[in-house]
Protein chains: 2
Amino acid sequence: MVTRPRRDDALSRERIVDAATALLDAEGEGGLTFRALAAHLNTGPGAIYWHVANKGELLTAATDAVLNRTVPAAAAGATPPDAIRAVALGVFDAIEAHPWVGTQLTHMPSQPALRRLFERLGQQVRALGVPAAAQFTSASALLNYVLGVGAQNAANARAHQPGADRGEILGAEAAAWAGLDPGEYPFLRSVAGQLREHDDRQQYLDGVNLILVGITACAGGHT
Amino acid sequence: MVTRPRRDDALSRERIVDAATALLDAEGEGGLTFRALAAHLNTGPGAIYWHVANKGELLTAATDAVLNRTVPAAAAGATPPDAIRAVALGVFDAIEAHPWVGTQLTHMPSQPALRRLFERLGQQVRALGVPAAAQFTSASALLNYVLGVGAQNAANARAHQPGADRGEILGAEAAAWAGLDPGEYPFLRSVAGQLREHDDRQQYLDGVNLILVGITACAGGHT
DNA sequence: ACCTGAACACCGTTCAAGT
DNA sequence: ACCTGAACACCGTTCAAGT
């Protein structure tokens with residue numbers, strides 16, 4: 001395999017993936033088009049197919065690159081619960097910065113980013129002292145929770161303008177909950193106030209902690 | 001509002017939603033097209049727009065109908081944990097029978113089906129004796145886990161033929177895990193065998209139970 | 001009020017032809 | 001080896017025209 005010198009404006013898989021990421025960030029999930037991408041790179045749409053098999057592969061590669069940058073490797077001295085929280089928050093922040101990652105992550109099974117995520121969570125679950133038979137279930141519970149929140153955040157971002165006011169959106173949804181039929185929706189009504197004032201990131205972390213408690217309680221492990 | 005007698009083959013929102021559901025079940029998520037749907041109903045694509053605003057509304061309505069049929073109301077004498085498990089399994093089974101429901105449920109925020117789900121889980125969380133301040137987080141954790149698994153199952157169904165052999169797919173993925181670099185993927189390698197033999201539904205339920213343990217432990221509640 | 005179907009403005013992807 | 005861009009086979013959606 002010989003890498004020959006190239007013109008600076010030559011196409012490459014890396015440049016394509018970067019441009020796709022920029023397009024997705026700027027325009028949202030609907031903004032990534034082979035035509036728009038080609039225009040961005042000063043070529044025709046067909047040129048991209050020389051470097052990338054199809055749109056799915058492009059999305060997978062872009063997701064992979066973002067998560068590799070954002071999800072931290074396990075810190076040296078971190079306890080397993082801290083490491084798990086760090087991974088979970090890394091995914092959360094990646095999706096907050098690039099909502100399309102949340103969609104992509106829940107769309108293609110057995111993609112590399114998903115495997116790495118499961119691996120990292122699993123390693124820490126093991127380090128937590130969870131018995132072998134319960135490790136798979138415990139790591140799966142964490143992963144599925146992380147993915148569920150991620151998909152939801154992605155959907156929320158898709159539903160509103162990129163620059164939309166966060167508090168306004170929450171307020172509107174909270175108002176909708178408060179206005180529901182009391183006979184049918186007593187719970188939603190009762191937590192409408194909490195929805196309005198809640199901190200997304202903190203609540204996400206609370207959920208992770210709750211699952212961690214469940215894991216260690218079930219396993220008889222010691223935090 | 002007067003309902004006038006119609007010809008039996010007249011279009012109606014209900015007939016359209018039913019046909020869309022049938023099409024999605026038979027052909028998968030890519031099978032729902034306004035042209036295909038119109039052909040199925042012996043009309044032109046434009047006719048559908050008289051009864052339904054757009055494709056999103058159609059998908060939301062179909063999802064809503066399926067979940068209303070499949071997710072059971074709380075049984076009279078059921079304990080809160082049993083009721084939560086019943087709701088969770090209802091969603092699981094709905095998505096197993098109609099994988100597109102899993103995609104749809106994680107795609108549009110604040111759709112009615114999602115609200116009802118959160119309400120049902122929340123009511124049982126409250127019945128569990130969880131203090132008011134922790135109810136929102138606890139119900140969210142359950143919902144996000146359920147949605148995460150649902151989205152993943154939908155993605156798996158999308159990736160394979162409708163008639164594909166379940167064991168064969170699991171076996172292939174397990175083999176892939178077993179063949180990964182031992183230095184980088186020790187956890188995935190170690191659980192590859194569990195993946196091959198695991199029962200999806202049982203593991204899902206184990207995850208729900210794990211979160212329930214976390215909820216009651218955090219709340220100091222009594223099951 | 002409800003239906004028809006041609007037409008519009010897009011897509012992802014392919015492929016002969018170029019360099 | 002790599003790029004070009006017209007062309008193909010689709011989409012969702014609209015809308016004048018019909019009944």
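Below, read A as the first sequence line, B as the second, and so on, with proteins coming before strands; counting in each chain starts at 1. All values below come from the heavy atoms of this structure, side chains included, with hydrogens, waters and symmetry mates left out.
Look at CD on Glu29(B): it is 15 Å from P on dC11(D), rounded to the nearest Å. In this structure, NZ of Lys55(B) is placed 16 Å from P of dC11(C), rounded to the nearest angstrom. Rounding to whole angstrom units, CG of residue Asn54(A) and C1' of dT13(C) are separated by 9 Å. The separation between Leu11(B) atom CG and dT19(D) atom P is 18 Å, rounded to whole Å. Between the CZ atom of Arg13(B) and the P atom of dC3(C) there is a distance of 14 Å, given to the nearest Å. Atom CZ in Arg15(B) sits about 14 Å away from atom C1' in dC2(C), given to the nearest Å. Taking atom CG of Leu37(A) as the reference point, atom P of dG12(C) lies 10 Å away to the nearest angstrom. Atom pair Phe34(A):CZ and dA7(D):P shows a separation of 21 Å (rounding to whole Å applied).
Side-chain contact between Glu57(B) and Arg13(B) is present, with heavy atoms from C-beta onward closer than 4.5 Å. Contact check for Met108(B) versus Leu114(B): no side-chain heavy atoms found under the 4.5 Å cut-off.
A perpendicular orientation is assigned to the rings of Trp177(B) and Phe136(A), their planes being inclined by more than 60° (bins at 30° and 60°). Classification of the Tyr49(B)-Phe34(B) ring pair by plane angle, with boundaries at 30° and 60°, yields parallel.
Note that CH2 of Trp100(B) is 9.0 Å distant from CG of Leu32(B), once rounded to the nearest 0.5 Å.
Each of Val101(B), Thr103(B), Val146(B) was checked for a side chain to side chain contact (heavy atoms under 4.5 Å, CB included) with Ile95(B), and the lone residue meeting it is Val101(B).
Ile48(B) comes within 4.0 angstrom of nothing in the nucleic acid, heavy atoms only. Looking at heavy-atom distances under 4.0 Å, Leu32(B) makes contact with sugar-phosphate atoms alone, never a base.
Which of dC11(C), dC11(D), dT13(C) sits closest to the side chain of Thr33(A) comes down to dC11(C). Nearest nucleotide to the Ala10(B) side chain, out of dC3(D), dC3(C), dT13(C): dC3(C).
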*Could you write out DNA chain C as a dot-bracket string, with dots for unpaired bases, | for bases paired across to another strand, and Watson-Crick or G-U pairs counted at under 3.5 Å?*
||.|||||...|||||.||
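Residue Gln161(A) qualifies as open at atom CD: its count of foreign heavy atoms under 6.0 Å is 12 or below.
Contact check, Trp50(B) against dC3(C): no side-chain N or O comes under 4.0 Å of OP1 or OP2. At least one side-chain nitrogen or oxygen of His51(B) sits closer than 4.0 Å to the OP1 or OP2 atom of dC3(C).
Mapping Gly46(B) and Arg35(A) onto DNA chain C by nearest heavy atom places Gly46(B) closer to the 5' end of the strand.
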